[in-house]
Visitor: 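Take this structure first; my questions come after.
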Amino acid sequence: MALAMRDALWGVLLALLAGPTLAASVNTPSHARSRALDARTYSYDGLWNGTGPVMTDVVQDVDVDCWWAAASIAVVNRSSWFVQNLFYSASNVSLAGTTTPEDETVYVTLYDPTTLGRYWLTASVANESTTEDDPGGAWWHSALTQGLQQLAGLVDVGGVDANGTFDSATAVGAEALAVLTGYAWARDGRAQDMEGGKYNTSADLWADLVRAKYTPVTLSTPATVETTSPQLDTNHDYAIINTTEWGNGTRTVTARNPWGATDEFQLLDLWNNMWWLNHLANWDPLVVPSTIYAAVGGTG
């Protein structure tokens with residue numbers, strides 16, 4: 001699809017958004033949407049804008065896939081370079097290191113979350129989402145989502161039916177990390193909530209949250225949460241961005257909500273309102289596999 005045509009389609013979409021009959025997202029509580037979210041900017045450059053993908057390119061809106069969006073945010077925030085290496089041109093040339101790639105069809109690399117086998121799947125700007133992420137703009141995450149929906153027709157992927165329909169009831173946030181990275185996944189909960197739960201205290205949880213500085217980590221909330229400030233949502237996944245120890249006994253966690261806000265939470269708020277901490281099984285740093293380099297003639 002030519003860029004001019006994309007501009008025209010986006011103009012039509014904007015007109016629809018301005019209409020009085022547009023329905024609100026049914027899966028989004030009003031308290032969350034009433035909060036100020038990061039401004040969404042729309043440009044018509046390419047697969048990603050500038051030198052690489054960034055976490056603010058990922059925004060969940062209508063699709064019930066917070067687990068997927070949060071995992072994508074966690075991975076790209078840890079390594080944009082790793083994410084770039086998931087993409088190839090139609091002629092099988094890696095797009096890593098390309099500034100604002102304008103390819104209209106790409107191959108994306110994703111992994112079976114059980115066997116960790118690698119799959120190359122096709123994505124097209126013609127199938128870019130008109131609701132999620134950056135409609136009409138950077139479409140790398142839409143491309144990964146297209147690949148995810150195809151992958152679910154080939155292997156078992158929690159949260160996506162074989163026909164590509166999202167099903168949050170079967171989603172496993174940690175699985176999404178494996179799909180994106182090819183590393184084995186794991187998740188841990190509180191000992192008071194489940195048999196075999198790893199975390200006995202908030203200090204135990206903190207010890208793993210700080211690992212988000214070098215490996216992707218997401219947090220899932222349960223069906224009921226307490227009042228917090230900022231307010232955590234129920235049955236929702238957040239990407240852990242950073243942790244801060246203030247020296248006066250206060251510990252805070254910066255997390256990215258896939259709806260488009262980055263917030264700082266008190267550790268105890270996360271401790272009191274968590275269900276799973278999702279991560280790679282060995283807390284792995286993201287390293288591009290040498291087999292991917294070899295596929296494009298690199299040395300690894």
Visitor: Testing the 3.5 Å rule here: is there a donor-acceptor pair between the side chains of Ser168 and Asp65?
Guide: no
Visitor: So which atom in Ala255 and which in Ile240 form the shortest heavy-atom distance, rounded to 0.1 Å?
Guide: CB-CD1, 4.3 Å
Visitor: Measuring from atom OG of Ser229 to atom CZ of Phe265, what distance do you get when rounded to the nearest 0.5 angstrom?
Guide: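 Taking OG in Ser229 and CZ in Phe265, the distance rounds to 9.0 Å.
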Visitor: Is the closest side-chain donor-acceptor distance between Asp237 and Ser220 under 3.5 Å?
Guide: yes
Visitor: Counting N and O atoms only, with roles assigned by atom type, does the side chain of Asp133 sit under 3.5 Å from a partner on the main chain of Ser129, one being a donor and the other an acceptor?
Guide: no
Visitor: Check for a donor-acceptor pair, side chain of Arg78 on one end and backbone N or O of Ala212 on the other, with a separation under 3.5 Å.
Guide: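 Checking the backbone N and O of Ala212 against the side chain of Arg78, a donor-acceptor pair under 3.5 Å is found.
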Visitor: Nearest 0.5 Å, what's the CG-CG distance between Leu205 and Asn272?
Guide: 10.5 Å
Visitor: Taking Asp161 for its side chain and Asn163 for its backbone only, find out whether a donor-acceptor pair lies under 3.5 Å.
Guide: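 Looks like no, no N/O pair under 3.5 Å.
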Visitor: Strictly by modelled atom types, are Ser142 and Glu128 linked by a side-chain donor-acceptor pair under 3.5 Å?
Guide: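 On atom types as modelled, these side chains do not qualify, holding no pair under 3.5 Å.
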Visitor: What is the ring orientation for Phe87 with Trp140, classed by angle as parallel under 30°, tilted 30 to 60°, or perpendicular over 60°?
Guide: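 Perpendicular: the ring planes of Phe87 and Trp140 meet at over 60°.
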Visitor: Kindly determine whether Tyr107 and Leu121 satisfy side-chain contact (heavy atoms from CB on, under 4.5 Å), including the steps that lead there.
Guide: CA-CA 5 Å; Tyr107 292 118; Leu121 306 140; over 6 Å; no
Visitor: Supply the atom-to-atom distance Leu47 CG to Gln84 CD, rounded to the nearest 0.5 angstrom.
Guide: 9.5 Å
Visitor: Verify whether one side chain among Trp68 and Thr145 offers a donor that lies under 3.5 Å from an acceptor in the other.
Guide: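 On atom types as modelled, these side chains qualify, holding a pair under 3.5 Å.
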Visitor: Tell me whether Val287 is reachable from Val179 by hopping between hydrophobic residues (I, L, V, M, F, W, Y) whose side-chain heavy atoms are closer than 4.5 Å.
Guide: yes
Visitor: With distance as the sole criterion, is a donor-acceptor pair present between the side chains of Asp112 and Thr115 under 3.5 Å?
Guide: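 Side-chain D/A pair, Asp112 to Thr115: present.
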Visitor: Given the rule in the ring pair (Phe, Tyr, Trp, His ring centres under 6.0 Å) test, do His236 and Trp259 qualify, once you have shown the distances and angles that lead to the verdict?
Guide: CA-CA 10 Å; His236 198 50; Trp259 292 337; 4.3 Å; yes
Visitor: Looking at NZ of Lys198 and CH2 of Trp276, how far apart are the two atoms once the value is rounded to the nearest 0.5 Å?
Guide: 12.5 Å
Visitor: Does Pro53 reach the side chain of Val83, with side-chain heavy atoms less than 4.5 Å apart?
Guide: yes
Visitor: Can you see which heavy atom on Met55 is nearest to which on Ile241, and at what distance?
Guide: SD-CD1, 3.8 Å
Visitor: Out of curiosity, does Val288 fall in the hydrophobic cluster containing Leu95 (side-chain heavy atoms, cut-off under 4.5 Å, transitive links)?
Guide: yes
Visitor: For side-chain contact (heavy atoms from CB on, under 4.5 Å), just list the numbers for Phe166 and Val160, CA-CA rounded to whole Å, side-chain angles, deciding distance to a tenth of an Å, and then say yes or no.
Guide: CA-CA 4 Å; Phe166 291 112; Val160 191; 4.0 Å; yes
Visitor: Within a strict 4.5 Å, meaning less than it, do heavy atoms of the Leu280 and Leu286 side chains meet?
Guide: yes
Visitor: Got a second to check how far Asn273's CG is from Leu219's CG, nearest 0.5 Å?
Guide: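 Between Asn273 CG and Leu219 CG, I get 9.5 Å after rounding to 0.5 Å.
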Visitor: Could you tell me if Arg190 sits above the aromatic ring of Trp271, with its cationic atom closer than 6.0 Å to the ring centre and no more than 45 degrees from the axis?
Guide: yes
Visitor: Which atoms form the tightest heavy-atom contact between Thr221 and Val225, and what is the distance?
Guide: CB-CG1, 4.1 Å
Visitor: So Leu232 and Leu270, side-chain contact (heavy atoms from CB on, under 4.5 Å) or not? Walk me through it.
Guide: CA-CA 8 Å; Leu232 287 162; Leu270 295 187; 3.9 Å; yes
Visitor: Verify, without hydrogens or angle tests, whether Thr170 (side chain) and Asp167 (backbone) share a donor-acceptor contact under 3.5 angstrom.
Guide: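 Yes: the side chain of Thr170 pairs with the backbone of Asp167.
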Visitor: When rounded to the nearest 0.5 angstrom, what is the spacing between CG in Asn282 and OH in Tyr183?
Guide: 10.0 Å
Visitor: So, His141 and Asp57: side-chain donor and acceptor under 3.5 Å apart, yes or no?
Guide: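 Not at all, the side chains of His141 and Asp57 share no donor-acceptor pair under 3.5 Å.
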Visitor: Answer whether the closest heavy-atom distance between the side chains of Thr252 and Thr243 falls below 4.5 Å.
Guide: no
Visitor: Taking the side chain as everything from C-beta on, heavy atoms only, tell me whether Val106 gets closer than 4.5 Å to Trp139.
Guide: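 Touching, per the 4.5 Å side-chain cut-off.
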Visitor: Would a 4.5 Å heavy-atom cut-off, applied to side chains only, mark Asn257 and Tyr238 as touching?
Guide: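 They are in side-chain contact.
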Visitor: What verdict does the side-chain contact (heavy atoms from CB on, under 4.5 Å) test give for Gln146 and Val108, after you've listed the backbone C-alpha separation in whole Å, the side-chain angles of each residue and the deciding distance to 0.1 Å?
Guide: CA-CA 9 Å; Gln146 291 176 45; Val108 298; over 6 Å; no
Visitor: Any donor and acceptor pair, going by atom type alone, linking the side chain of Glu245 with main-chain N or O of Arg251 inside 3.5 Å?
Guide: no
Visitor: With a 4.5 Å cut-off on side-chain heavy-atom distances among I, L, V, M, F, W and Y, is there a chain of contacts connecting Tyr119 to Leu180?
Guide: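 Tyr119 clusters together with Leu180.
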Visitor: Within the distance-only criterion (no hydrogens, no angle test), does the side chain of Thr201 pair as donor or acceptor with the backbone N or O of Asp204 below 3.5 angstrom?
Guide: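 Answer holds: yes.
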Visitor: Considering non-hydrogen atoms only, spot the tightest contact between Leu148 and Trp67 and give its length.
Guide: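 Answer, listing the atom of Leu148 first, then Trp67: CD2-CH2, 4.1 Å.
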Visitor: Counting C-beta onward and ignoring hydrogens, is there a side-chain heavy-atom pair between Tyr199 and Met274 closer than 4.5 Å?
Guide: yes
Visitor: Which atom pair, heavy atoms only, marks the closest approach of Ser202 to Leu267?
Guide: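 Looking at all heavy atoms of both residues, the closest pair is O-CD2, 3.8 Å.
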Visitor: Compare all side-chain heavy atoms of Asp208 with those of Val217 and state whether any distance is below 4.5 angstrom.
Guide: no
Visitor: Over all heavy atoms of both residues, which pair between Val54 and Val76 is shortest? Give the atoms and the distance, please.
Guide: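 Minimum heavy-atom contact is C-CG1, 4.0 Å.
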Visitor: Please check if the side chain of Thr100 supplies one atom and the backbone of Gly50 the other of a donor-acceptor pair under 3.5 Å.
Guide: yes
Visitor: Is the side chain of Gln231 donor-acceptor paired with the backbone N or O of Thr228 at a distance under 3.5 Å, no angle test?
Guide: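 At least one qualifying donor-acceptor pair exists.
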Visitor: Quick check: is Phe82 connected to Leu116 through a chain of hydrophobic side chains (ILVMFWY, heavy atoms under 4.5 Å apart)?
Guide: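 Different clusters: Leu116 never reaches Phe82 through Ile, Leu, Val, Met, Phe, Trp or Tyr contacts under 4.5 Å.
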Visitor: Is the side chain of Glu132 donor-acceptor paired with the backbone N or O of Val62 at a distance under 3.5 Å, no angle test?
Guide: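 Such a contact is found between Glu132 side chain and Val62 backbone.
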Visitor: So, Thr218 and Asn278: side-chain donor and acceptor under 3.5 Å apart, yes or no?
Guide: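 There is such a pair (donor and acceptor under 3.5 Å, judged by atom type) between the side chains of Thr218 and Asn278.
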Visitor: Should the pair His279 and Trp283 be assigned to parallel (<30°), tilted (30 to 60°) or perpendicular (>60°) ring geometry?
Guide: parallel
Visitor: Tell me, do Leu110 and Leu144 make a side-chain contact under 4.5 Å, heavy atoms counted?
Guide: yes
